[in-house]
Amino acid sequence: MPKIAVIGAGTMGHGIAELFAIAGYEVHLVDVAEDFVRRGIQNIEWSLKKLAEKGQIKEDPAAVLSRVKPFVNDVCGAVGGVELMVEAVVEDIEVKKRVFAEADRCAPPEAVLATNTSSLPITEIAEAVRPDRRPKVVGMHFFNPPVLMPLVEIVKGKYTNDETVKKIAEYAAKLGKQTVVVNKDVPGFIVNRILARVNEAACWMVARGEATIQEVDSALIYKAGLPMGAFILMDFTGIDVVCFIGDAMLRRGFKSHPCPLIVEKCQQKKFGVKSGEGFYKYPAPGKFQWPEVPKSAGDRIDVSYLLAPAVNEAAYLLREGVATKEDIDKAVKLGLNWPKGPLELADEIGIDTVVKTLEEWRQKTGFEEYEPDPLLREIVASGKLGKKTGEGFYTYVKAEEKKLETLIVRYEPGIAWIILNRPERLNAISPKMVEELWKVLDEIEQLDYDKVRVVIITGTGRAFSAGADVTAFMGATPITIFKTSRKLQMLFERIESLDRPVICGLNGYTLGGGLELAMSCDFRIAAETAELGQPEINLGFIPGAGGTQRLPRLIGRDKAKELIFTGDRIPAREAERLGLVNKAVPADKLEQELRSFANKLAEKPPLALAMAKYAINFGLEAPQWAGMMLEAAQFGILFSTEDVIEGVSSFLNKTRPRFKGR
Ligand code: COA
């Protein structure tokens with residue numbers, strides 16, 4: 001049986017030992033006192049039982065456990081005859097050097113000596129062994145808890161050779177782990193550096209009075225899609241650990257300004273879940289319960305502001321050759337369970353926006369770590385702004401744009417933009433525009449879901465649309481006006497029955513027919529500067545493209561009458577309060593908000609979105625029993641799709657589903 005040694009039986013050590021035992025190795029588990037070794041083995045026993053209950057190990061737990069051999073205070077004895085040592089003792093360089101020196105003396109000459117350190121330099125540790133062994137000293141950094149977390153960072157010191165890296169990758173594969181290679185032992189490697197940037201940004205935003213803890217966490221969870229908010233995660237990990245790693249990184253030259261809120265918690269010994277209180281309060285020490293973080297709390301927080309410092313760090317790692325872009329993103333996705341890596345997120349946010357946001361951080365705080373990395377500036381200067389230009393850190397299918405007489409149609413990956421383009425007429429809806437909108441909607445519905453999953457309608461210039469083009473009304477007969485009205489109504493019904501979500505981005509005046517168009521969309525996001533209204537009454541007539549019907553359904557009969565009878569325009573914020581728009585955002589953030597919401601919807605199963613849209617739009621108009629029948633039928637239909645299989649199996653396997661719209 002192949003043998004390995006694990007030095008240190010604590011949180012990380014016992015987990016690493018357990019993994020190797022499951023993989024069939026004889027594991028020599030060492031700690032300084034009998035008590036510590038015994039506790040480590042008890043923890044392994046408990047964990048193996050859990051895994052067996054869930055059917056995640058095939059072997060009998062007792063058989064696995066029998067491969068773990070205890071060693072008390074005897075590194076030399078434990079490394080005898082092993083092919084690998086993994087050290088996981090306290091994060092104290094002197095202690096680690098002693099372990100390595102002793103292991104070097106007693107282990108077979110071909111044995112690889114690895115450290116699980118998260119904060120200390122591999123190069124310095126390697127210098128504790130004889131020069132000819134140094135190429136075999138390497139970082140093998142697991143994440144807590146090792147049994148569950150899928151990632152191992154393989155960290156090269158100055159002396160580590162490629163063969164050693166390859167060997168560690170093979171061991172990790174045998175343990176069922178995925179790996180990334182960290183080419184230089186910079187403090188914090190990849191994952192802890194990126195995490196530190198998000199924690200600091202979150203904390204400084206609160207410390208500077210720009211947001212509350214709940215607002216920041218809510219934005220990170222619900223807008224960025226992270227599994228936990230920064231503050232919840234620090235509570236969960238232990239704020240003492242955050243302080244410890246932060247201090248260690250700072251001492252080794254990681255540019256940062258420890259945030260007073262975190263430092264304070266450490267001084268007050270409010271470490272988070274383990275002590276019953278950290279940034280949030282918990283029912284009892286050691287008892288985790290999700291703190292209350294409402295989804296709406298993060299509404300006004302700009303997540304790119306929270307994420308830009310992490311992108312900056314990722315750019316630094318890439319420019320310095322610490323890791324490849326793929327490995328940086330992979331490390332963050334697997335180590336922190338983010339839905340996307342920081343460089344992928346940068347491409348979505350727009351690299352120009354990231355740079356602008358960092359400049360804002362730099363100016364507000366004066367901190368040098370927020371100075372945009374030269375790599376980011378270089379990419380922006382070369383016109384590669386991310387997904388929107390078809391290239392950023394990664395290359396995307398290029399956006400295609402075509403100009404019709406009254407519209408611009410842009411196809412970005414997953415998103416079709418229909419841009420009303422008669423700015424000199426405030427995008428008034430002319431007969432030509434109606435004709436072109438019909439054609440484009442038909443064209444989009446013909447396209448595969450691989451190409452377009454979400455449609456965004458917005459406008460150029462000062463208006464989304466100031467309404468139907470009144471010049472077309474001059475000299476018309478009542479019957480032609482009736483037909484015009486019906487035509488617009490049917491166009492808007494076409495939007496309601498389009499088989500994919502339509503988001504309207506209200507960039508300015510949204511009046512009359514413009515508001516009627518917007519109300520037929522599934523969602524409305526407005527620039528704060530937009531004004532909305534049904535001003536027809538001022539011209540002597542009434543809304544004729546659904547305004548008298550959709551407006552009362554959206555905001556209630558009496559409020560609708562108020563708007564239609566007075567013809568008054570209301571600002572976007574008030575429209576948000578009334579429920580007429582889903583959300584009002586600063587004008588310069590509108591495009592980004594539209595894109596990020598569209599990207600979020602684009603990851604959902606397209607057929608299920610279509611069915612949900614139909615059930616809601618058509619069911620709402622029917623008697624409830626008929627709506628229920630429709631819902632049941634749509635629900636049933638979805639069980640003929642591949643996406644349901646993908647969704648359910650991904651849930652059970654704890655992986656991210658990739659829906660295809662089939
Ligand atoms: N149909 C045709 N043309 C329109 C229009 C519409 N619905 N709305 C605006 N325009 C034209 C204006 O006539 C003007 O054209 P011009 O430069 O040839 O004079 C141009 O767009 C710019 O509008 P203007 O009125 O000069 O801008 P403003 O900033 O002073 O006012 C509004 C903006 C939106 C308040 C004003 O244009 C307005 O009230 N429009 C009509 C809104 C309406 O009643 N819609 C319902 C129609 S069913």
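Each ligand, and each atom within it, is numbered from 1 in the order the structure gives. Predicted, not measured: the structure shown is a model, and the values here were computed from it.
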* Asked: N/O of E536 under 3.5 Å from N/O of ligand 1, yes or no?
  -> no
* Can you find a protein heavy atom under 4.0 Å from atom 12 (C) of ligand 1? -> no
* **Nearest-neighbour protein heavy atom for atom 23 (O) of ligand 1, which is reported as residue plus atom name and distance** => L426 CD1, 3.4 Å
* Asked: Any idea which atoms of ligand 1 are less than 4.0 Å away from a heavy-atom of A428?
  -> 1 (N), 2 (C), 6 (C)
* Would you say R500's side chain and E445's backbone share a donor-acceptor pair under 3.5 angstrom? -> yes
* Counting heavy atoms only, which of G547, G513, A468, P543 comes nearest to atom 47 (C) of ligand 1? -> A468
* Asked: Do protein heavy atoms approach atom 45 (N) of ligand 1 to less than 4.0 Å?
  -> yes
* Structure fact -> Per-atom filter on ligand 1: closer than 4.0 angstrom to a heavy atom of V470 are 1 (N), 2 (C), 47 (C)
* Asked: Would you call E591 and K388 a salt bridge, using N to O less than 4.0 angstrom?
  -> no
* Asked: Should the pair E646-R662 be classified as a salt bridge under the 4.0 Å nitrogen-to-oxygen rule?
  -> no
* To do: Check each heavy atom of A466 against ligand 1 and say whether those closer than 4.0 Å belong to the side chain, the backbone, both or neither.
  => both
* **Is_contact(atom 1 (N) of ligand 1), protein non-hydrogen, under 4.0 Å** => yes
* Asked: Hey, does the side chain of E436 reach the backbone of T406 with a donor-acceptor pair shorter than 3.5 angstrom?
  -> yes
* Asked: Where does the angle between the aromatic ring planes of F473 and F541 fall among parallel (under 30°), tilted (30 to 60°) and perpendicular (over 60°)?
  -> perpendicular
* Does some non-hydrogen atom of the protein lie less than 4.0 angstrom from atom 30 (O) of ligand 1? -> no
* Asked: Looking only at non-hydrogen atoms, which of R569, E516, R462 approaches atom 24 (P) of ligand 1 most closely?
  -> R462
* Structure fact -> L539 heavy atoms within 4.0 Å reach ligand 1 at atoms 44 (O)
* Asked: Any protein heavy atom under 4.0 Å from atom 26 (O) of ligand 1?
  -> no
* To do: Please work out whether any backbone atom (N, CA, C, O) or any side-chain heavy atom from C-beta onward of N538 is under 4.0 Å from ligand 1, and answer side chain, backbone, both or neither.
  => neither
* With heavy atoms of L511 as the reference, note each atom of ligand 1 found under 4.0 Å away. => 34 (C)
* **Flag: protein heavy atom within less than 4.0 Å of atom 7 (N) of ligand 1** => yes
* Asked: Taking N507 for the side chain and A527 for the main chain, is one N or O donor matched with an acceptor at less than 3.5 Å?
  -> no
* If you measure from CZ on F565 to CD1 on I542, what distance do you get to the nearest 0.5 Å? -> 10.0 Å
* Parallel, tilted or perpendicular, as decided by the 30° and 60° cut-offs, for the rings of F523 and F597 -> perpendicular
* Structure fact -> among protein heavy atoms, the one nearest atom 4 (C) of ligand 1 is R425 O, 3.9 Å
* **Flag: protein heavy atom within less than 4.0 Å of atom 34 (C) of ligand 1** => yes
* Would you please determine whether E424 falls within less than 4.0 Å of ligand 1 on a heavy-atom basis? => yes
* Does the protein put a heavy atom less than 4.0 Å from atom 21 (O) of ligand 1? -> yes
* Would you call the rings of F618 and Y614 parallel, tilted or perpendicular if under 30° counts as parallel and over 60° as perpendicular? -> parallel
* Are R486 and Q489 linked by a side-chain donor-acceptor pair shorter than 3.5 Å? -> yes
* Does N582 use its side chain to pair, donor to acceptor, with the backbone of R524 at less than 3.5 Å? -> yes
* Pairing of K660 and E642 as salt bridge, 4.0 angstrom limit -> no
